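All figures in this text were calculated on a predicted structure; none of them were measured in a lab. Reminder, nothing fancy here: chain letters follow the sequence lines and each chain counts from 1. Values below: every heavy atom of this structure, side chains too, minus hydrogens, waters and symmetry copies.
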Protein chains: 2
Amino acid sequence: MRLTLHTDYALRLLTYLALKRGEVATIREVAETYGISRNHLVKIADGLRHAGFVDAQRGRGGGLRLARPAHAIGIGAVVRAMEEDLNLVECFDPQTDRCRIGPSCRLKHLLHEALDAWMAVLDKATLADLVERPKPLRRLLELSA
Amino acid sequence: MRLTLHTDYALRLLTYLALKRGEVATIREVAETYGISRNHLVKIADGLRHAGFVDAQRGRGGGLRLARPAHAIGIGAVVRAMEEDLNLVECFDPQTDRCRIGPSCRLKHLLHEALDAWMAVLDKATLADLVERPKPLRRLLELSA
DNA sequence: CCATAAGATGCATAGTAAATACATCTTAAG
DNA sequence: CTTAAGATGTATTTACTATGCATCTTATGG
C-alpha cells in the first residue's frame with residue numbers, strides 16, 4: 001500500500017508554496033530545489049491548479065502561488081484530489097468486482113471503515129499545520145529566513 | 001492507494017477455509033470457486049503458511065486448513081503479513097528517502113498517524129467477524145449448508 | 001512399491017500503471 | 001518581438017504486480 005509520487009510531490013509543492021508566503025515560485029525552481037523531474041512536476045502543478053489549490057500565472061515573472069491561505073487547504077482534500085484510485089480492493093469498484101461473495105462479504109465494510117479512519121486523520125490537518133515551524137524548513141530549502 | 005491482489009486473495013482464501021470449519025480445502029478447489037489463477041493462489045497460500053495462518057498437508061487427500069481458530073486470526077495481522085510494502089511515501093523508508101526536508105517534515109508524522117488509525121480498525125476485527133453470518137456466504141460459494 | 005494427487009519452489013513472461021521525457025503551443029512582461 | 005513562464009498532448013521507460021510454466025517433494029491408496 002503506497003501513495004503515488006503524484007500525491008507526495010503535490011504535498012511537497014504545496015509546502016514550498018506555503019513557505020513562500022504569497023510570493024510566486026516557478027515549477028523549475030521547485031523541481032530543482034527538491035531534485036525531482038521538472039516535467040513530472042508540471043503535471044502535478046496542473047492537477048493542483050484544476051483542483052483549485054494553486055493559481056498559475058503564465059509568462060515572464062509568472063509562476064505558482066497558493067490559491068487559498070494554507071489553513072484553508074486540507075490535507076485530506078489534497079490526497080483525494082491527487083490519488084486517482086482509492087479502491088483498496090477489487091470489490092470497491094462495482095465495475096471491476098468479480099468476487100463471488102461480494103454481496104455478503106463483510107470485508108468490504110471493514111476496509112471502508114478503515115479508510116474512513118485514515119481519511120479522518122488527514123482531514124483534521126491543513127497545510128498550515130505542516131509549516132507550523134517554518135524556520136528549519138526554510139533553511140533546508142534554502143529560502144531566505 | 002490500493003492493496004495488492006495478494007492481500008485480497010489471502011483474505012478470500014482464509015474466508016473460504018473458515019467456512020470449511022476445519023475440513024481441508026485444496027488450492028485448486030478454492031481457485032476454481034473464486035475463478036482466480038491457481039498458480040497465483042499457490043504463492044499466496046505459501047505466504048499464509050509461512051506466516052502461520054494456515055497448515056498445509058501435501059499428498060493425496062491433502063490441502064489447507066486454518067492453523068488457528070478464526071477468532072484468533074486478526075485481519076490487521078494478515079494485512080501486515082501479506083502487504084510487503086506499507087511505506088506510504090518515499091520518506092517512510094530511510095533507505096529510499098531523498099527528500100530534502102525529511103528531518104523537519106511534519107507530513108511523515110501525519111501519515112504515520114493516519115496509518116495507525118487505519119490499522120487500528122483492522123486490528124479490532126478477526127476472521128471470525130468476517131464469517132459471522134456464514135449461511136449466505138456458504139450459499140454463494142456453493143458449500144453444502 | 002508405484003501411480004497419483006496434493007503442496008513447494010524457482011524461473012520466466014506478460015500486463016499495467018506510474019514515472020519520466022520530449023515537443024509544441026499559449027500567454028504575458030519588458 | 002524576444003524571452004520566460006505555464007499548458008497540453010504524446011511517447012517512452014521502468015517497475016511492479018500478476019500470471020504461467022516446469023519441476024521437485026511429499027503423502028496416500030491400491
Side-chain angles (χ1 to χ4, degrees), chain A residues 1-10 12-13 17 20 23-32 34-51 53-65 67 82-90 93 95-96 98-99, chain B residues 1-10 12-13 17 20 23-32 34-51 53-65 67 82-90 93 95-96 98-99:
Chain A
M1 190 170 69
R2 300 201 67 143
L3 294 175
T4 60
L5 266 191
H6 261 73
T7 306
D8 188 357
Y9 287 179
R12 294 196 208 180
L13 176 55
L17 294 178
K20 274 279 190 167
E23 283 174 55
V24 297
T26 68
I27 290 178
R28 177 183 301 274
E29 166 191 350
V30 179
E32 282 173 4
Y34 283 114
I36 62 184
S37 154
R38 183 180 162 281
N39 293 296
H40 198 188
L41 202 54
V42 164
K43 301 293 163 66
I44 289 155
D46 202 42
L48 288 171
R49 190 175 55 87
H50 273 108
F53 294 115
V54 305
D55 284 333
Q57 178 83 26
R58 291 185 181 188
R60 183 179 282 215
L64 306 172
R65 74 181 84 217
M82 301 304 292
E83 201 70 15
E84 290 178 17
D85 183 4
L86 282 175
N87 293 315
L88 288 172
V89 286
E90 178 185 311
D93 179 359
Q95 296 279 305
T96 60
R98 295 272 171 289
C99 182
Chain B
M1 190 169 70
R2 300 201 66 143
L3 294 174
T4 60
L5 267 190
H6 261 74
T7 305
D8 187 357
Y9 287 0
R12 293 195 209 180
L13 176 55
L17 293 179
K20 274 278 191 168
E23 282 173 57
V24 297
T26 67
I27 290 178
R28 175 183 302 273
E29 166 191 350
V30 178
E32 283 173 3
Y34 283 113
I36 61 184
S37 154
R38 184 180 162 279
N39 292 297
H40 199 187
L41 203 54
V42 164
K43 305 291 163 66
I44 289 156
D46 201 42
L48 288 171
R49 191 176 54 88
H50 273 108
F53 295 114
V54 304
D55 284 334
Q57 179 81 27
R58 292 185 181 189
R60 182 179 282 217
L64 306 172
R65 74 182 84 217
M82 300 305 292
E83 202 71 13
E84 291 178 15
D85 182 4
L86 282 175
N87 293 315
L88 288 173
V89 285
E90 178 185 312
D93 179 359
Q95 297 277 307
T96 61
R98 296 272 173 286
C99 181

Can you tell me how far [atom2] of [N] sits from [atom1] of [X], to the nearest Å?
{"X": "B:Ile44", "N": "D:dG20", "atom1": "CD1", "atom2": "P", "answer": "12 Å"}
{"X": "B:Met82", "N": "D:dA18", "atom1": "CE", "atom2": "C1'", "answer": "13 Å"}
{"X": "A:Leu3", "N": "C:dA19", "atom1": "CG", "atom2": "P", "answer": "10 Å"}
{"X": "B:Tyr9", "N": "D:dA18", "atom1": "OH", "atom2": "C1'", "answer": "8 Å"}
{"X": "B:Glu32", "N": "C:dA6", "atom1": "CD", "atom2": "P", "answer": "10 Å"}
{"X": "A:Asn87", "N": "C:dA17", "atom1": "CG", "atom2": "P", "answer": "12 Å"}
{"X": "A:Glu90", "N": "D:dA18", "atom1": "CD", "atom2": "C1'", "answer": "12 Å"}

Please check if the side chain of B:Glu90 supplies one atom and the backbone of B:Arg98 the other of a donor-acceptor pair under 3.5 Å.
yes

Would you say the side-chain atoms of B:Arg2 pair up with the backbone N or O of A:Asn87, donor to acceptor, closer than 3.5 Å?
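Confirmed, B:Arg2 side chain pairs with A:Asn87 backbone.
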
Heavy atoms of B:Leu64 and B:Ala45 approach each other most closely as CD1-CB, 3.8 Å

Annotated protein contacts, base or backbone, on nucleotides 1-17 of chain D with a non-hydrogen cut-off under 4.0 Å, one of B, S, - each
--BBBSSBBB-------

Apply ring-ring contact (aromatic ring centres under 6.0 Å, His included) to A:His40 and list each qualifying residue two or more places apart in sequence or on a separate chain.
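Scan of A:His40 (ring-ring contact (aromatic ring centres under 6.0 Å, His included), adjacent residues dropped) gives A:His6, A:Tyr9.
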
Going by an N to O cut-off under 4.0 Å, is there a salt bridge joining B:Lys43 and B:Asp46?
no

Roughly how far apart are A:Glu84 CD and A:Thr4 OG1, rounded to 0.5 Å?
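Reported to 0.5 Å precision, the distance equals 7.5 Å.
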
